[in-house]
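Okay, so here's the structure we're looking at.
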2 protein chains.
Amino acid sequence: MALATTRSSTPRAVRDPADGSPTHQSLKSAQTRARLIDAAIRCIVRFGYANTTTPRVASEAGLSRGAMLHHFENGQALIKAAIVELHEKRLRAFRRAADVGDHDVGTLVHTYWRQLQKPGFIAFHELALAARTHPELGRILQPLQAEFSARFNEQAYALFPEWQGQRDQFDLAMTLSQTMLEGLAVGLLTGSVKEATVEPMLALLEQQIRALNPALAQQASA
Amino acid sequence: MALATTRSSTPRAVRDPADGSPTHQSLKSAQTRARLIDAAIRCIVRFGYANTTTPRVASEAGLSRGAMLHHFENGQALIKAAIVELHEKRLRAFRRAADVGDHDVGTLVHTYWRQLQKPGFIAFHELALAARTHPELGRILQPLQAEFSARFNEQAYALFPEWQGQRDQFDLAMTLSQTMLEGLAVGLLTGSVKEATVEPMLALLEQQIRALNPALAQQASA
DNA sequence: TGAAAAAAACATGCATGCTTGTTTTCGCCT
DNA sequence: AGGCGAAAACAAGCATGCATGTTTTTTTCA
């Protein structure tokens, strides 16, 4: 997706009638848009961001390219929508994970790890790396990434009473977790890490987190 | 670089006369080839692999596109040469680091970390991620990556008497280091990690490595 | 019937490999 | 020794393919 620097114009959104009742067409339109966004994400995962072209996305969605551009104006608009969708997916998954009653460190680590195994992470990493050399993409991605990071850390901190009053240690543990787990995930993606070493790494991370908090230290580690 | 699936033909290498003495032409040719390879790597770092086109590389090298294709047949041959060059750079850097007399854990961690800060790592990561969706690239990259990994681990194991007889622990420490440091480097690249958190992370890694080896445990950690 | 959705047709730009042309260097041979 | 032919280094142009956005036509449905 070349992400041509075009003026972002008329965001051809679904417009219901004045009374707000969704018409048949507006429903179908929203549904088609969703199908296109999903197709875009699938393409990014399967072919990589660089090879995610408009004809491919359209064909993946089972639509003509013309129909696709009817809904999205240009490729950039579609990518932007896909990013927002991915972001919201991430937030939803985080909320779901936070709702789990069990706040054991090991469970948390494994939950986060499972998140990174999903296709969404691949797509995000593809986009994040592409953004390095594509300012246009960076401008879209950066604020969302910051928002997620802030919300994630804040919520997590509030969720764990064991860390109260040790914000620095907690932040360190969070950064450590993100770094290790994402490093592991990227390593798997690029083949520099073998599948068999994943579990030992998770155990090591868990152990390290416990070591950072005296209140957790006495609990057994795997 | 589209990496068209073309038959790899005549690897137009530099051929000296039978007596092996380098002629003026062969020297200049080798030099030009090196300039092209360097230009390719620079382009990958600056524009990303996907935006590394043959005209860009040629212009970066200060040559015409025709001249470039005279030396490299097609884009793929150039990329392949660039990968090999990067691989050898990595091996050389590793050898240099191993020659340092001081085998302190902290020094080693920082030395490895400094390696990952160099442009070569960016290029390698770009290529590794592109290889995920580009089998052609993967076939080139994979064996070199395996060779480096094996050589790296073997040499490092021989270099540290403190770990003798604890191969499993040692391998774990190596994987941990690679995962953490590469995760950190990628995090910096994609903006998901702040510069300020790097040093604390390195300290944490160092501490964890010491914890894995009783012989190192008594030494002070930062 | 008329507006939105979908499809098709169109025009442009760029990257790729290939081919042709020009200059420089090398080996050889009288 | 010196010039001649071959080959390599370099440059430029050509044709193809594909991705992009724009415009026009057809279909669908309230």
Starting from P on D:dG21, measure out to CZ on A:Phe72 and report it in whole angstrom. 13 Å
Integer-rounded Å distance: C:dA15 C1' and B:Ile79 CD1: 14 Å
Given atom CG of B:Leu63 and atom C1' of D:dA11, what is their separation to the nearest angstrom? 9 Å
With respect to the side chain of A:Ala67, which nucleotide from D:dA9, C:dA7, D:dT20 is positioned closest? C:dA7
Taking only Lys NZ, Arg NE, NH1 and NH2, and the carboxylate oxygens of Asp or Glu, determine whether B:Glu85 and B:Arg92 approach each other closer than 4.0 Å. yes
Using whole Å, report how far CE of A:Met68 lies from P of C:dA8. 16 Å
How close or far is atom C1' of D:dA11 from atom CG of B:Leu36, stated in whole angstroms? 14 Å
Salt-bridge criterion met for A:Arg151 and A:Glu147 (N-O under 4.0 Å): yes
Is A:His71 near enough to C:dA6 that one of its side-chain N or O atoms lies under 4.0 angstrom from OP1 or OP2? yes
Report the residue (B:Gly66 or A:Arg65) whose heavy-atom-nearest nucleotide on DNA chain D is the more 5′ of the two. B:Gly66
Using the six-membered ring wherever Trp is involved, compare the ring planes of B:His134 and B:Tyr49 and label them parallel, tilted or perpendicular (cut-offs 30° and 60°). perpendicular
B:Tyr49 OH - C:dA15 C1' separation (whole Å): 13 Å
Can you tell me how far C1' of C:dA15 sits from CG of B:Asn74, to the nearest Å? 13 Å
Among D:dA8, D:dG21, C:dC18, which nucleotide has an atom closest to any side-chain atom of B:His70? D:dA8
Got a sec, which residues hit side-chain contact (heavy atoms from CB on, under 4.5 Å) with B:Phe94, two or more places apart in sequence or on another chain? B:Phe148, B:Phe152, B:Gln155
Whole angstrom is fine here: how far is it from CG in A:Leu78 over to P in D:dA19? 15 Å
Considering only side-chain heavy atoms of A:Leu69, which listed nucleotide, D:dT22, D:dA11, D:dT20, is closest? D:dT22
Looking at A:Glu154 and A:Arg167, is any side-chain nitrogen of the basic one under 4.0 Å from a carboxylate oxygen of the acidic one? yes
Minimum-distance nucleotide to B:Thr53 side chain [options: D:dC10, C:dA15, C:dA7]: C:dA15
When you measure from the side chain of B:Thr32, which nucleotide among D:dC10, D:dG21, D:dT20 comes out closest? D:dC10
